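Comments concern the structure below.
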Amino acid sequence: MSLELIAKLSNIYGSDPDYVLAGGGNTSFKDEKYLYVKPSGVSLAAITESDFVKMDRSIVRSCFTLDNFSSVDEREAKVKKLMDFACETEGRRPSVEAPMHEIMPFKYVVHTHPALVNGMTCGNDGKKICAELFPEALWVDYCDPGFILAKVVYDHCELYRKAKNCDPQVIFLQNHGVFVGADSVEEMDRIYAEIMDTLEKFCAAKGVATKFEKADAPCMETVMEYAPILRSSLRNSEAEKCVTVYSSGAFSIPAGGLTPDHLVYAKAFGVKCDAPVQEVIDNFKRERGYAPRMVEVTGKAVFVSGKNLKAAKTVLALAENGARIEQIAQAFGGVHYFNDAQREFIENWEVESYRAKVASGANAPLTGMVAVVTGGAQGFGYGIAKGLAALGADVAIADLNVDGAAKAAAELGGGAQGFAVNVADEASVEKLISDVVSVYGGIDLFVANAGVARAGSVKSFALKDWQFVTDINYNGFFLCTKYCAQVMAKQNAASGFWSDIVQVNSKSGLSGSKNNGAYAGSKFGGLGLVQSFALELVSDNIKVNAVCPGNYLDGPLWSDPEKGLFVQYLNAGKVPGAKNVADVRRHYESQVPMSRGCFPEDVVRAICYAVTQQYETGQAIPVTGGQTMLN
């Protein structure tokens with residue numbers, strides 16, 4: 001029951017950005033023998049009862065009385081071995097701050113990093129004001145985190161116990177948040193509420209705002225000019241993939257290192273400039289030894305970078321949090337930043353590097369790739385988006401059905417996001433591309449999947465239906481290529497990499513289709529565009545190919561009971577002798593040597609081939625189970 005309570009308590013605090021960011025913070029529960037503590041790499045927001053690491057308390061306590069070591073490094077190594085020995089849960093790495101939870105002899109311990117608290121702990125006068133506001137709390141000056149910190153806190157707690165004949169329930173760590181211990185959930189919530197209320201009132205009395213404000217949106221002219229180039233220039237080496245660059249409304253980024261989370265995820269310093277040209281970024285790299293993760297274009301935008309969208313958004317969250325802490329710290333005598341030695345220790349600390357690596361996601365084959373899939377809310381499009389996301393790509397799902405696109409993105413999670421687009425409308429396509437660049441910085445793969453079909457005899461086919469099919473399947477591909485190629489050309493000129501445009505064509509683009517002239521004609525024309533665009537765009541390092549799937553008989557294009565092609569073809573008499581939809585389906589299955597329709601995963605494999613094959617452009621790749629073969 002207590003594990004269930006600490007899991008729920010962790011979820012509540014971990015889901016509130018006022019308390020926890022970037023999966024940081026940690027929690028624990030104790031019984032007489034065991035300490036159950038949050039593992040490294042698991043966020044408080046998502047932790048469950050079964051995630052907690054079970055540790056033998058007697059072994060954890062023994063690390064505080066270690067002696068007979070010749071150096072701090074030797075002591076640290078011995079403590080680590082003890083922690084490994086104490087851990088009785090396989091496959092989990094306990095939080096490095098586990099000993100801190102054993103120091104506080106309360107049933108529950110919750111460690112968080114509220115901006116309000118860190119405004120005080122990062123304040124030059126924070127220690128003095130803390131003693132006035134929270135006389136029963138323990139303040140610990142900064143020391144390098146980990147087992148060293150635990151020993152220092154243990155010694156401070158021993159002195160506290162001797163002086164007050166009790167244990168501290170609240171421990172403030174300079175530049176590192178707060179630990180709170182309690183024997184019930186209600187008591188924990190009460191203590192935290194009192195801390196936050198006291199700090200709010202103090203800041204109000206000083207006339208310092210505690211809420212963070214920034215410009216509502218970035219300057220889109222600035223975004224389109226610089227974001228695609230920054231995807232390359234913000235890499236740490238030429239060997240790395242392009243990074244994801246997320247654009248935010250303007251604010252003043254932090255001027256130095258504030259907490260371990262800020263250093264690990266956002267680094268201590270970023271670029272502040274009027275124009276983030278290559279020379280500015282190169283000068284920063286030479287001075288600091290790494291590429292900035294935050295770039296502030298004064299009054300116009302803030303760009304943040306990461307290996308994928310999740311990582312970039314984490315940097316933004318920490319950048320905004322840092323700006324808020326700097327603002328609040330004005331009530332506490334101004335900002336206290338980490339010095340160079342402290343900063344370098346944390347930035348190179350293996351424990352935090354491990355946590356950052358886990359938090360940003362697995363390094364799947366397509367990690368770092370930005371893929372746009374039109375018509376991605378359903379059918380082949382959703383299947384393609386799902387397949388690319390499973391391989392690590394950040395997927396922009398674009399669809400006329402914007403609610404469906406948002407739902408599909410939510411189902412995929414990770415770096416997927418929904419966007420509205422009508423591929424037949426030029427202004428809509430142009431906006432889609434600018435929206436995608438604002439979120440991801442650029443585009444590596446554009447999958448032109450949106451398509452429609454109308455069946456009927458040429459002798460009676462309505463012109464409006466003909467134009468509808470042509471507008472979506474043919475003109476839409478032209479418009480998407482026109483605008484995404486502009487972004488790809490700019491980012492490729494900076495990086496030297498290649499980008500890909502892949503049209504999802506059809507087997508009907510390879511051979512004629514009876515009573516289906518509008519569709520087949522648009523697809524034949526699409527292959528002409530693929531070849532023509534490939535010849536033109538190769539000089540911009542853009543490959544243009546098509547995949548030509550067979551029939552996705554299980555998808556909505558075919559199986560919709562009212563508008564699906566099974567119904568259309570039955571009504572149009574396209575399948576002689578067919579009396580019902582089942583007859584039409586059997587007919588189409590019988591045409592395939594492999595005796596089945598095409599699946600989205602078949603198309604994803606073909607798209608991945610087009611992307612990974614560096615010596616192929618202007619091609620039409622059949623994915624038809626042998627139904628249509630190239631001569």
Side-chain angles (χ1 to χ4, degrees), residues 215-229 231 245-249 300-301 370-379 381-382 384-385 394-409 416-454 463-491 499-504 518 522 525-526 529-530 532-533 536-537 540 542 544:
D216 291 337
C219 166
M220 287 309 301
E221 183 180 349
T222 301
V223 170
M224 297 304 289
E225 181 176 2
Y226 293 114
I229 299 171
R231 292 195 69 209
V245 174
Y246 187 85
S247 304
S248 163
K300 294 183 178 180
V370 176
V372 180
V373 181
T374 63
Q378 63 280 311
Y382 177 73
I384 292 167
D394 285 338
V395 184
I397 300 175
D399 206 287
L400 187 63
N401 176 9
V402 64
D403 290 337
K407 180 181 178 183
Q417 188 158 323
F419 297 84
V421 70
N422 176 357
V423 298
D425 179 81
E426 184 165 12
S428 179
V429 173
E430 185 177 16
K431 185 177 187 304
L432 166 67
I433 299 304
S434 64
D435 287 346
V436 169
V437 172
S438 180
V439 173
Y440 300 100
I443 303 168
D444 300 305
L445 167 63
F446 193 100
V447 181
N449 167 77
V452 294
R454 292 288 186 270
L463 178 61
K464 65 178 180 63
D465 290 335
W466 183 278
Q467 291 173 331
F468 173 68
V469 172
T470 303
D471 278 347
I472 300 295
N473 296 0
Y474 185 79
N475 296 341
F477 177 50
F478 152 68
L479 290 173
C480 289
T481 301
K482 174 181 178 179
Y483 287 99
C484 80
Q486 294 173 26
V487 172
M488 289 178 170
K490 182 176 288 189
Q491 70 181 23
S499 299
D500 287 87
I501 298 171
V502 178
Q503 186 202 37
V504 178
S522 69
L529 295 181
V530 164
S532 300
F533 296 160
E536 177 184 350
L537 297 178
D540 292 312
I542 301 171
V544 186

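These figures come from a predicted structure and were not determined experimentally.
Within a 6.0 Å sphere centred on OH of Y474, other residues, nucleotides and ligands contribute 12 heavy atoms or fewer.
The minimum heavy-atom distance between A409 and G418, with the atom names listed, is CB-N, 3.5 Å. Scanning both residues, I542 and M488, for their nearest heavy atoms gives CD1-CB, 3.6 Å. I472 and G451 get closest at one heavy-atom pair: CG2-CA, 3.9 Å. For N449 against G375, the heavy-atom pair with the smallest separation is ND2-O, 3.2 Å. The minimum heavy-atom distance between L537 and A485, with the atom names listed, is CD1-CB, 4.0 Å. In terms of heavy-atom proximity, V469 sits nearest to A453 at CG2-C, 4.3 Å.
The ring-ring contact (aromatic ring centres under 6.0 Å, His included) search around F533 returns F477, not counting sequence neighbours. For the side chain to side chain donor-acceptor pair (under 3.5 Å) test, residues two or more places apart in sequence or in another chain that qualify with S248 are K214.
Side-chain atoms of E536 never come within 3.5 Å of backbone atoms of S532 as a donor-acceptor pair (strictly under, hydrogens ignored). Judged by distance alone, the side chain of E426 and the main-chain N or O of L479 form no donor-acceptor pair under 3.5 Å. One N or O on the side chain of K490 and one on the backbone of M224 form a donor-acceptor pair closer than 3.5 Å. Here the side chain of N473 pairs no donor or acceptor atom with the backbone of S522 at under 3.5 angstrom. The backbone N or O of D500 lies less than 3.5 Å from no partner atom in the side chain of D444, so there is not a single donor-acceptor pair. For the pair S499 (side chain) and L445 (backbone), a donor-acceptor distance under 3.5 Å is absent.
Between C484 and V372, the closest side-chain pair of non-hydrogen atoms is not below 4.5 Å. For the pair F446 and T374, the minimum side-chain heavy-atom distance is below 4.5 Å. The shortest side-chain heavy-atom distance between L529 and Q503 does not fall under the 4.5 Å cut-off. Side chains of D399 and Q378 form a contact here, defined as non-hydrogen atoms less than 4.5 Å apart.
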Taking it one step at a time, do I384 and V504 satisfy side-chain contact (heavy atoms from CB on, under 4.5 Å)?
-> CA-CA 10 Å; I384 292 167; V504 178; 3.9 Å; yes
Do I443 and V436 pass the side-chain contact (heavy atoms from CB on, under 4.5 Å) test, and can you show the C-alpha distance, the side-chain angles, and the key distance before you say yes or no?
-> CA-CA 8 Å; I443 303 168; V436 169; 3.9 Å; yes
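A side-chain contact (heavy atoms from CB on, under 4.5 Å) with F419 holds for exactly one of I397, L432, I433; it is L432.
Within the model, atoms CD of Q486 and CD of E430 stand 7.5 Å from one another, a figure rounded to the nearest 0.5 Å.
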